[in-house]
Structure formats: C-alpha cells, structure tokens
Amino acid sequence: MSRRRKTTVQTLLSMKQRGDKIVMLTAYDYQTALLEDRAGVDMILVGDSLGMVVLGYENTIPVTLEEIVHHLRGVSHARPQAFVVGDLPFMSYQASPQDAVRNAGRLVKEGGAEGVKLEGGRRMEAVIKAIVDANIPVMGHIGLTPQSVHHLGGMRVQGKAPADADKLVEEALFLEEAGCFSMVLEGMPLQLARRITERVSIPTIGIGAGRYCDGQVLVVNDLLGMNDEFDAKFVKRYAEVGKQMTEAFDAYIKEVKEGSFPDPEHSYSTD
Ligand code: KIV
C-alpha cells in the first residue's frame with residue numbers, strides 16, 4: 001500500500017487554495033488512529049470530547065491536561081501521516097499566556113501533538129500569540145464553544161442574529177491575523193460558515209456548520225454510531241457499531257453460558 005506524505009500545516013493551506021476538502025476526525029487511542037490514518041484522514045484531533053465519549057463526563061469542563069496527554073500518546077504512537085492536533089482543555093490556557101505556552105508545550109513534548117486547539121476569539125489574543133511565538137501551530141475554535149457552555153447558557157447554535165454573525169466574522173478574521181493555521185467553526189448557520197470561509201485564507205473545519213467549510217470534523221464515536229442515545233442534527237452515522245458490539249457481547253455471553261465456547265477450534269490440546 002502506498003503511503004501518503006506527511007500532512008503539515010503547509011499541506012492544509014495548499015488544500016484550501018486548491019479547493020480540496022480537508023477531512024478531520026477525533027481519535028483517542030492507538031488502534032483507532034491507525035485505522036483512520038490508513039483510511040486517509042488528513043487531520044486527527046484528540047479532542048476534549050474524550051471527556052464525554054471515553055470518560056463519561058457530562059461535558060468537557062472537567063477534562064484535564066493529563067487526560068489529553070495520555071490519549072494523545074496512544075494516537076501519536078500510531079505515527080500517523082495525518083496532522084495530529086491536541087485540544088487544550090478548560091483552564092489550561094485561559095489564566096495566562098505563560099500557562100498556555102507551558103501546557104501547549106506539554107501536548108507537543110509529552111503527547112506528540114503537532115498543533116494545539118483552543119476555544120475563543122479576540123479575548124484569546126495574548127494566549128494565541130504567545131503559543132505561536134513558541135513555534136507551536138494553533139487551531140482556533142469559534143461559534144458554539146463547548147468549554148463556555150455555562151456562559152452561553154447551553155449548547156446552542158451561534159450567530160443566527162445578524163449582529164452575532166458579524167461578530168463571528170470579526171472573530172474569524174482576528175484568529176487569522178493572530179497567527180492561527182486553521183480554525184474550527186462549530187454550531188452555526190451554513191450561510192455564516194460560508195461567509196467566514198470566503199473571507200479567511202486559512203482552512204475552516206466545520207462541525208454543525210454546513211457544507212461550505214474547507215473541511216469537516218466529527219467525533220469518531222458519533223460517526224460510528226457507538227451511542228444510539230446521542231442524536232444531534234449535524235451527526236451522520238456511517239455505521240451502527242454500538243449495535244454490532246451489543247450483538248457480539250450477547251452472542252459471547254450465550255455461548256459461554258451454554259458451554260459452546262471455547263470449542264476445539266479455539267482450544268489448545270496436548271496432541
Ligand atoms: O473536542 C472535540 O472533539 C472538538 C471537536 C468537536 C471540534 O472540539
């Protein structure tokens with residue numbers, strides 16, 4: 001199988017310029033990262049969504065830097081050709097630019113991330129500039145920013161009113177100017193995501209932001225249909241892995257209980 005070349009910040013920029021769509025997926029472990037990379041995804045995000053889908057937290061707020069580093073290690077050990085982004089969790093970058101640089105550095109040095117992602121626009125100016133000055137690529141994230149769930153008053157689509165939409169366009173332009181190499185646009189009308197994508201020269205990666213972004217990202221567990229109770233409008237399930245797992249567990253339980261597993265084919269014998 002021919003290997004792709006390593007995806008870099010420059011590759012992603014060229015993809016935007018050529019109009020090639022960028023495919024991003026979350027991964028939280030070695031084997032999933034290997035499979036995603038073999039399939040050809042361009043970017044892998046070790047997102048703080050791991051708080052919900054791996055650790056069972058209610059939202060992303062409790063996720064720690066250590067948890068992100070731990071899962072990043074598994075992903076980066078897959079040595080993906082995809083560009084690996086580590087999410088800076090809540091309160092690992094908001095308090096000061098110094099904290100932000102130190103913690104972004106840990107995601108790169110200890111976790112093997114090639115870039116970091118953080119939420120927020122203009123109010124993150126000093127933080128973004130400090131991390132970029134440390135030569136760490138920064139991905140912005142605006143629109144519905146889950147770490148601000150309490151401030152936003154819930155997980156609501158952002159930028160529906162004209163004034164809010166204009167503000168988000170300003171925030172996107174600011175992220176580009178501050179030195180971000182790309183940005184996530186989450187939970188906004190597709191018309192607004194299109195406006196932003198046309199105005200900025202860095203790639204926009206959408207989730208719940210429609211088809212006009214330069215690329216798309218989904219949480220891998222959602223795409224695989226691991227949790228049939230989570231059913232957001234923006235999620236498309238490409239498989240029903242949760243159902244398949246349940247069927248496999250049921251069959252295993254039945255065979256162990258009735259004594260048909262292990263059969264001779266799955267047993268060692270002295271001869
Ligand atoms: O944590 C995450 O998975 C994310 C994506 C949804 C963009 O931030």
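Read the numbers this way: they start at 1 and go in the same order the structure lists the ligands and their atoms. All residue numbers refer to positions in the sequence shown, counting from 1. None of the values given here were measured: they were computed from a predicted structure.
Of the protein's heavy atoms, I207 CD1, 3.6 Å lies nearest to atom 6 (C) of ligand 1. Among protein heavy atoms, the minimum distance from atom 5 (C) of ligand 1 is reached at L45 CD2, 3.7 Å. Counting protein heavy atoms only, atom 3 (O) of ligand 1 is closest to S49 OG, 2.5 Å.
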In sequence, state the C-alpha distance, the side-chain angles, and the governing distance for M155 and N59, and then conclude on side-chain contact (heavy atoms from CB on, under 4.5 Å). CA-CA 10 Å; M155 301 286 271; N59 54 41; over 6 Å; no
Run L13 and F181 through side-chain contact (heavy atoms from CB on, under 4.5 Å) and show every step you take. CA-CA 8 Å; L13 190 58; F181 74 94; over 6 Å; no
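Between E186 and ligand 1, not a single N/O pair is under 3.5 Å apart. Remark: ligand 1 and K117 share an N or O pair separated by less than 3.5 Å (distance only, no angle test).
Residues passing the side chain to side chain contact (heavy atoms under 4.5 Å, CB included) test with S267 are P262, sequence neighbours excluded.
By the 4.0 Å heavy-atom criterion, H141 is counted among the residues contacting ligand 1.
The distance from ligand 1 to the heavy atoms of T26 drops below 4.0 Å at these ligand atoms: 3 (O). Contact atoms of ligand 1 toward G47: 1 (O), 2 (C), 3 (O) (distance under 4.0 Å to a heavy atom of the residue).
Of the heavy atoms in T60, none comes closer than 4.0 Å to ligand 1. Under 4.0 Å from ligand 1, not a single heavy atom of L50 appears.
Remark: R194 engages E198 in a salt bridge, criterion side-chain N to carboxylate O under 4.0 Å.
Aromatic ring pairs are classed by plane angle as parallel below 30°, tilted from 30° to 60° and perpendicular above 60°; the pair Y252 and F261 is perpendicular.
Using a distance-only test at 3.5 Å, with no hydrogens or angles considered, no donor-acceptor pair links the side chain of S182 to the main chain of I202.
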Name the atoms and distances for all side-chain donor-acceptor pairs under 3.5 Å in residues 122-131, with sequence neighbours left out.
residue: E125; atom: OE2; partner: K129; partner atom: NZ; Å: 3.0

